[in-house]
2 protein chains.
Amino acid sequence: MNASDKVIGRLSHYRLLLSKLESQGKTFVFSRELAIMADGTSAQVRRDLMVTGYEGNPKQGYNVSDLLDELNKFFNFSRGVNAVLIGTGSLGRALLSYFMPKKSRYNIMAAFDSELSKTGRIIAGTRCCHINELEFELKSLGSVVAILTLPAEAAQTMATRLTNCGIKGILNFAPVRLRVPDDVYVENIDVTMSLEKVAFFANQKSEDREKEV
Amino acid sequence: MNASDKVIGRLSHYRLLLSKLESQGKTFVFSRELAIMADGTSAQVRRDLMVTGYEGNPKQGYNVSDLLDELNKFFNFSRGVNAVLIGTGSLGRALLSYFMPKKSRYNIMAAFDSELSKTGRIIAGTRCCHINELEFELKSLGSVVAILTLPAEAAQTMATRLTNCGIKGILNFAPVRLRVPDDVYVENIDVTMSLEKVAFFANQKSEDREKEV
DNA sequence: AGTTAGCTGTTACAAATTTCACAGCGTTAA
DNA sequence: TTAACGCTGTGAAATTTGTAACAGCTAACT
Ligand SMILES: NC(=O)c1ccc[n+]([C@@H]2O[C@H](COP(=O)([O-])OP(=O)(O)OC[C@H]3O[C@@H](n4cnc5c(N)ncnc54)[C@H](O)[C@@H]3O)[C@@H](O)[C@H]2O)c1
Ligand SMILES: NC(=O)c1ccc[n+]([C@@H]2O[C@H](COP(=O)([O-])OP(=O)(O)OC[C@H]3O[C@@H](n4cnc5c(N)ncnc54)[C@H](O)[C@@H]3O)[C@@H](O)[C@H]2O)c1
């Protein structure tokens with residue numbers, strides 16, 4: 001089974017929407033309703049859901065709970081997402097406190113930093129270890145993904161260290177493209193780039209508006 | 001001129017790379033070098049750069065400073081990117097401190113929150129106003145984009161308020177798809193979704209590896 | 001000056017992604 | 001029971017995005 005990047009992203013989004021719908025007591029939902037919430041089209045929703053194998057009902061749509069179960073199974077997060085976070089600066093700490101109340105699903109099992117002042121203590125419920133202990137700790141943690149909130153200069157070195165430990169997934173906030181082996185997946189979140197995009201299109205839309213007048 | 005979302009994102013990235021190269025004293029760069037740094041192909045780099053109109057030299061490649069100037073002109077950020085930030089929670093404050101030292105290019109002109117304990121003071125060099133003053137403040141700020149770091153429940157209401165004020169671009173961190181008029185550009189950063197994607201593909205890559213054996 | 005090597009700009013092609021369109025089905029209502 | 005409605009699943013078409021290929025050019029070398 002091979003689903004693209006984009007499809008997986010949308011499926012994750014549908015999962016979130018379905019869990020909201022379930023908690024609201026909704027039992028069935030149509031592709032068109034999901035499409036509106038996800039800002040897509042109904043055809044796209046149906047097509048995306050094909051990859052999970054779940055089939056809806058032509059009259060009632062999708063059973064919310066069943067589809068949610070199916071997606072949870074599809075994402076195979078029986079014990080949720082287990083992660084480590086590297087770099088407990090301002091962004092790292094914001095993420096730690098953000099995920100803390102969601103621990104049952106998104107569990108940051110340990111954080112690491114190179115500054116002694118930040119290590120050896122608990123930040124937002126998470127043990128913060130010295131980066132020297134990375135390899136040792138990872139051995140006992142089993143299969144996890146890594147969240148990189150490091151200065152750009154340190155990111156590549158750390159990525160290499162992580163892949164040497166067998167890490168297969170990295171969520172990278174540093175504005176550099178990491179070079180990793182083919183069997184490692186990297187997702188970049190580049191806030192500055194996103195902001196520039198927004199500014200560019202905002203400019204453009206303002207100009208368009210002016211031209212029309 | 002109509003450039004896609006993705007092209008603009010990459011151009012923004014090239015801009016960052018070029019500014020690094022310039023500060024390193026490099027005067028010329030080939031499309032292939034940029035491609036490696038940006039994790040793309042040389043053909044894609046050349047194709048992307050077409051939209052800026054800048055032309056390189058078949059023997060030396062691109063003049064770093066000139067191309068950087070051209071990209072700056074293309075992005076039309078003569079006075080940098082001016083923004084307001086709504087929601088000074090943990091993520092909002094991390095962003096404020098992140099952009100503070102980059103103020104000349106990325107200028108967060110004001111922050112807003114609904115909690116009185118967070119307003120009427122300066123956070124990371126940025127005035128934090130009460131959200132009631134939003135409309136008043138925006139009038140004097142001129143053309144800006146908005147960074148939304150609000151709880152998901154509050155995001156749509158705020159987006160509507162912002163578009164009513166004439167805001168044309170929103171960088172949205174809340175995990176909801178905002179409904180805005182056609183002439184407003186929204187870029188979503190959904191950290192949880194990105195993390196789920198990473199976990200999914202990390203799982204898949206581990207499984208692939210097992211199968212090969 | 002002429003030749004060469006190697007890069008750019010651009011067109012043509014290929015792949016990926018999205019949308020269309022409709023057969024087929026399950027529920028509902030008569 | 002049967003008919004009808006409207007949604008799903010999905011092959012096919014359309015669109016978007018990325019890649020390949022190559023003519024043309026320019027600096028460097030002879
Ligand atoms: N803060 C934000 O809002 C924000 C926004 C966008 C992007 N980013 C990016 O995220 C990354 C982190 O940003 P930040 O603002 O949290 O930076 P920061 O300087 O506050 O934090 C970086 C942390 O990494 C630690 N560190 C440095 N080198 C290390 C190493 N080799 N091993 C382990 N730890 C090390 C530092 O001690 C520090 O705690 C940067 O790449 C930045 O560009 C941050
Ligand atoms: N913190 C993170 O690392 C993180 C990561 C991913 C996504 N997010 C998303 O970013 C958003 C903010 O996250 P956070 O952790 O900073 O939350 P937070 O609760 O720490 O901060 C939210 C802030 O918004 C303010 N606020 C609430 N309603 C408001 C209103 N109507 N007008 C103005 N201000 C209002 C609150 O007073 C608070 O200061 C959320 O949607 C969250 O899902 C955060």
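The basis for the numbers below is simple: all heavy atoms, side chains too, and nothing from hydrogens, waters or symmetry mates. None of the values given here were measured: they were computed from a predicted structure. Each chain gets a letter, A, B and so on, in the order the sequences are listed, and its residues count up from 1.
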Compare the minimum distances between each of [options] and the side chain of [X], then state the nucleotide with the smallest one.
X: A:Gln44; options: D:dC25, C:dT11, C:dT19; value: C:dT19
X: B:Thr41; options: C:dT19, D:dG24, D:dT19; value: D:dT19
X: B:Arg10; options: C:dT8, D:dG18, C:dT18; value: D:dG18
X: B:Met50; options: C:dG24, C:dG9, C:dT8; value: C:dG9

Over how many whole Å does the gap from [X] atom [atom1] to [N] atom [atom2] extend?
X: B:Glu70; N: C:dT8; atom1: CD; atom2: C1'; answer: 16 Å
X: B:Ile36; N: C:dC7; atom1: CD1; atom2: C1'; answer: 14 Å
X: A:Asn63; N: D:dT8; atom1: CG; atom2: C1'; answer: 15 Å
X: A:Gln60; N: D:dT8; atom1: CD; atom2: P; answer: 11 Å
X: B:Arg32; N: C:dC7; atom1: CZ; atom2: P; answer: 6 Å
X: B:Leu49; N: C:dG9; atom1: CG; atom2: P; answer: 8 Å
X: A:Asp39; N: C:dT19; atom1: CG; atom2: C1'; answer: 15 Å
X: B:Asp5; N: D:dG18; atom1: CG; atom2: P; answer: 10 Å

### Donor/acceptor link under 3.5 angstrom from A:Lys6 side chain onto base of C:dA16
no

### Message
Distance criterion of 3.5 Å, no angle test: do you see the side chain of B:Lys59 paired donor-to-acceptor with the base of D:dC25?
### Response
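Such a pair does not exist between side chain and base.
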
### Nearest heavy atoms of B:Val29 and B:Leu18, plus distance in Å
CG1-CD2, 4.0 Å

#### Entry: Which atom of A:Glu187 lies closest to which atom of A:Tyr185, heavy atoms considered
OE1-OH, 3.2 Å

### Message
With heavy-atom distances below 4.5 Å as the criterion, would you say the side chains of B:Lys26 and B:Glu33 are in contact?
### Response
yes

### Message
On DNA chain D, compare the nucleotides closest to B:Asp48 and A:Glu55; which residue's is nearer the 5' end?
### Response
A:Glu55

#### Entry: Residue whose closest nucleotide on DNA chain D lies nearer the 5' end, B:Gly40 versus A:Ala43
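Upstream on the strand: A:Ala43.
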
### Query
Between A:Asn57 and D:dT8, is there a side-chain N or O to OP1/OP2 distance below 4.0 Å?
no

### Query
Can you check whether B:Arg46 has a side-chain N or O nearer than 4.0 Å to OP1 or OP2 of C:dG9?
no

### Task
Test A:Thr192 against A:Asp190 for side chain to side chain contact (heavy atoms under 4.5 Å, CB included), laying out the working first.
CA-CA 6 Å; A:Thr192 304; A:Asp190 188 334; 3.8 Å; yes

For [X], report the nucleic acid contact type (base, sugar-phosphate, nothing); a contact means any heavy atom under 4.0 Å.
X: A:Ser31; value: sugar-phosphate
X: B:Phe28; value: nothing
X: A:Ser42; value: nothing
X: B:Arg47; value: base

### Message
Testing B:Val144, B:Val145, B:Val180 one by one against B:Ile167 for a side chain to side chain contact (heavy atoms under 4.5 Å, CB included), which residue passes?
### Response
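Of the listed options, the one satisfying the test is B:Val144.
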
### Query
Just wondering, are more than 12 heavy atoms of other shown residues or ligands nearer than 6.0 Å to CZ in B:Arg161?
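Counting neighbours around CZ of B:Arg161, more than 12 heavy atoms of other residues, nucleotides or ligands fall under 6.0 Å, so yes.
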
